[in-house]
Amino acid sequence: MLPLTSDFTYDLNALSHSSAINSIQGIKRGVERECLRITPTGSLAQTPHPVSLGAALTHDSITTDYSESLLEFITPPETDANKTLSQLADVHKFTLDNLGEERLWPLSMPCFIKSEAEIPIAYFGESNVGKMKKAYRVGLRNRYGSMMQVIAGVHFNFSVPDSLWQYLAEKQNVEPTQDWISAQYFSLIRNYRRTCWLIPYLFGASPALCSSFVAGREHGLDFKQLGKGTLYLPYATSLRMSGLGYTSTEQSSLRICYNELDNYIRVLREAMYQPSQRYAGFAAGEGGNYQQLSKNVLQIENEFYSPIRPKQPTRSMEKPTDALATRGVSYIEVRALDVNPFSATGISRDQIDFLDVFLISCLLMDSPEFTADRYKETEVNLNRIVLEGRKPGLTLLHNQQEVSMQVWAEQLFARFGDVAQFMDNAYDDNRYSLAVEREWQKITDPDKTFSGRWLNKLLSEGDNAVVGRELANSYRNDIKAFEYRYKTEADFVDEATRSHAAQQDIEAADKVSFDAFIQEYFARPPQN
């Protein structure tokens, strides 16, 4: 049998006590869903961010990511997963009601894009903050290319309730200080990194892509062709998470440490101030020319790509690392989710229920600190899964040994089942046990995974462009027929108006030049 990666730190029988059961009900979740705007013919929309949707710089729930064409929808933290999904649906409805004939692309990998010149970089106005956001994105284009930046994903934000921290601290006979809570989040993150290969296996939905995405690029992958222009790998789960997507050779040299918060902050800060020969040729303010924000390994901390991030909400002009250093970890951001093409809003309740179990399991299990070799194993395993996760007989690395993915998954799901029972007791239903059982069926039958279902759909119905466009049309009709649940159309109109006014206020309040603003931002000493 495979040696277990980790065992439970806490006695689950003890956690069945009523006080523990009540303590878990305050889990908060939020969703950030990205999606491209497309024309009725399936090409990338070239229109600017619609004024009716509000100002991307200041709107709470509708913004843009890298491109004017890449929307991002954000829900606030809530304890009710159904409310989160309804809020997300409300945002989708208002958006589609204000896009004219445009649609939302329902996949992670982009639609057909003839060239990178067709990808408009997002515009956030003329304030110093807005210009900084634009310069950062210009830097991303110059460093990595625009194609990679218009891949869409779903981020799942997750916070543990104070009541559960209090209960777990009592079991360890410690005070639930912020430092202790941050350490517990990092324990969760380490276990997530060890086992996050499960996420693209279960929920990866990008086994195929448009050939325009890799045109002129060396990739070394043995793609099969489908239809006029779709490329796929027979056993791939998430090409979005592969070397074709969110990767950077420059960042691969970073020794990010997930053993403790202080080291994590230190390495990210060093990367922000470490000159990079690779990027030295791009201007960083010389003569007012900003081809990037800096010539360092990272322009800002958020440039570091990771399948999970520790997070603390930032204040005005506060760096993410400063927020973490000052106030600790407040929540985690899971970043390994593809857009779910089988959901009109990109994520389903089934996924949320399983993620709840998965993340609480990562918290409750023992989490040894990483060595360099053990951390490297997490990278190797993730890469194997995204490229050939459904391959029969696939093995993964576990403590420097090749082990069966199926056997490892079986042992993990035994633990998920125990945690699901605990959570079912907390919520007085069986949805968590059902979620675990549903995902276990994907382990025994890879065709039930999102990637298996999507590839089979393509093989029977047509290529990515045809099926993606048909699905975009179908979801557009479905969403426009939705009824608002938590906001009205008038609420969204008011919010858009407020966001435009807020952007104008920010622009009017600027007192220094952009050069001086950038110098002040990056000269600000680390806060301990």
Side-chain angles (χ1 to χ4, degrees), residues 34-38 42-46 64-72 105 107-124 132-153 206 208-221 223 229-233 236 238-254 271-272 275-284 289-307 335-336 338-339 383 386-387 464-465 468:
E34 301 163 347
C35 53
L36 289 169
R37 290 188 288 113
I38 63 169
S43 60
L44 187 68
Q46 298 295 300
T64 53
D65 193 81
Y66 171 79
S67 172
E68 281 288 272
S69 307
L70 183 57
L71 292 169
E72 183 173 2
W105 184 243
L107 307 176
S108 277
M109 300 306 288
C111 57
F112 172 78
I113 300 175
K114 185 175 182 181
S115 72
E116 292 197 341
E118 292 186 349
I119 302 174
I121 292 178
Y123 175 69
F124 296 93
M132 180 178 174
K133 287 179 174 288
K134 178 71 175 286
Y136 168 60
R137 285 158 173 77
V138 171
L140 293 178
R141 179 191 65 193
N142 291 328
R143 291 175 175 221
Y144 314 111
S146 289
M147 281 291 193
M148 182 179 120
Q149 302 304 320
V150 292
I151 297 173
S206 51
L209 48 77
C210 178
S211 58
S212 65
F213 185 83
V214 294
R217 295 173 58 186
E218 292 292 332
H219 52 73
L221 297 175
F223 280 119
T230 294
L231 303 177
Y232 72 95
L233 293 178
S238 177
L239 293 175
R240 165 184 170 267
M241 294 290 293
S242 74
L244 296 173
Y246 295 133
T247 60
S248 160
T249 54
E250 188 76 0
Q251 291 184 22
S252 64
S253 63
L254 297 178
M272 281 184 61
S276 166
Q277 291 185 347
R278 186 181 183 90
Y279 308 137
F282 300 117
N289 182 15
Y290 284 90
Q291 295 178 324
Q292 57 185 348
L293 286 176
S294 77
K295 299 184 179 184
N296 299 326
V297 174
L298 297 179
Q299 300 175 88
I300 59 175
E301 296 99 322
N302 285 347
E303 188 175 345
F304 174 64
Y305 298 111
S306 173
R335 300 168 54 82
D338 282 4
V339 173
N383 189 59
V386 300
L387 293 179
N464 245 24

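Here, residue 1 is the first one in the sequence, and each next residue gets the next number.
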Completion exercise
Here the pair of heavy atoms bringing Leu44 nearest to Pro120 is CD2-CD, 4.4 Å
Practice task
Check whether any side-chain heavy atom of Leu70 lies under 4.5 Å from a side-chain heavy atom of Gln149, and answer yes or no.
Solution key: no
Fill in the blank from the handout: dist Met147:CE -> Leu244:CG (nearest 0.5 Å) comes out at 12.0 Å
Handout entry: Gap separating the OG atom of Ser69 from the CH2 atom of Trp105, nearest 0.5 angstrom
Key = 14.0 Å
Exercise for the section: Check step by step if side chain to side chain donor-acceptor pair (under 3.5 Å) holds for Tyr66 and Glu34. Expected result: CA-CA 10 Å; Tyr66 171 79; Glu34 301 163 347; over 6 Å; no
Problem - Partners passing side-chain hydrogen bond (donor to acceptor under 3.5 Å, both in side chains) against Tyr290 (at least two apart in sequence or in another chain) - result: Asp515
Exercise for the section: For residues Pro110 and Leu36, determine if any side-chain heavy atom of one lies less than 4.5 Å from a side-chain heavy atom of the other. Expected result: yes
Problem - Sole residue of Val339, Thr230, Leu209 in side-chain contact (heavy atoms from CB on, under 4.5 Å) with Met109 - result: Leu209
Problem - Pairwise distance CZ(Arg335) to OH(Tyr305) - rounded to 0.5 angstrom - result: 9.0 Å
Practice task
Heavy atoms only: give me the nearest Cys210-Asn464 pair and the separation to one decimal.
Solution key: N-ND2, 4.3 Å
Exercise for the section: Could you tell me whether the side chain of Ser294 reaches within less than 4.5 Å of the side chain of Met272, counting heavy atoms only? Expected result: no
Practice task
Heavy atoms only: give me the nearest Ser146-Arg141 pair and the separation to one decimal.
Solution key: OG-CG, 3.2 Å
Practice task
Keeping the roles fixed (side chain from Ser211, backbone from Leu231), state whether a donor-acceptor pair exists under 3.5 Å.
Solution key: no
Handout entry: Minimum side-chain heavy-atom gap Phe112-Glu118 below 4.5 Å
Key = no
Handout entry: Spacing of CG belonging to Leu293 relative to CD1 belonging to Ile300, to within rounding of 0.5 Å
Key = 7.0 Å
Problem - Test item: Ile38 and Ser43 side chains (from C-beta on) under 4.5 Å apart, heavy atoms - result: no
Practice task
Taking the side chain as every heavy atom from C-beta outward, state whether Asp338 and Arg240 have any atom pair closer than 4.5 Å.
Solution key: yes
Handout entry: Separation between OG of Ser108 and CD1 of Ile151, rounded to the nearest 0.5 Å
Key = 8.0 Å
Completion exercise
All heavy atoms of Leu221 vs all of His219, minimum pair found to be N-ND1, 3.0 Å
Practice task
Give a yes or no on whether the backbone of Gly139 and the side-chain of Gln292 come within a donor-acceptor separation of less than 3.5 Å.
Solution key: no
Practice task
Could I get the full list of salt bridge (charged side-chain N to carboxylate O under 4.0 Å, His left out) partners for Arg37, not counting sequence neighbours?
Solution key: Glu102
Practice task
With sequence neighbours excluded, tell me which residues meet side-chain contact (heavy atoms from CB on, under 4.5 Å) with Tyr123.
Solution key: Glu68, Glu126
Handout entry: Pairwise side-chain contact, Leu239 with Leu387, heavy-atom cut-off 4.5 Å (strictly under)
Key = yes
Fill in the blank from the handout: On a heavy-atom basis, the closest approach of Ala271 and Asn296 is O-CB, 3.8 Å
Exercise for the section: Nearest 0.5 Å please: distance from the CZ atom of Arg137 over to the CD1 atom of Ile121. Expected result: 9.0 Å
Handout entry: Which atom of Ser212 lies closest to which atom of Cys111, heavy atoms considered
Key = OG-O, 4.2 Å
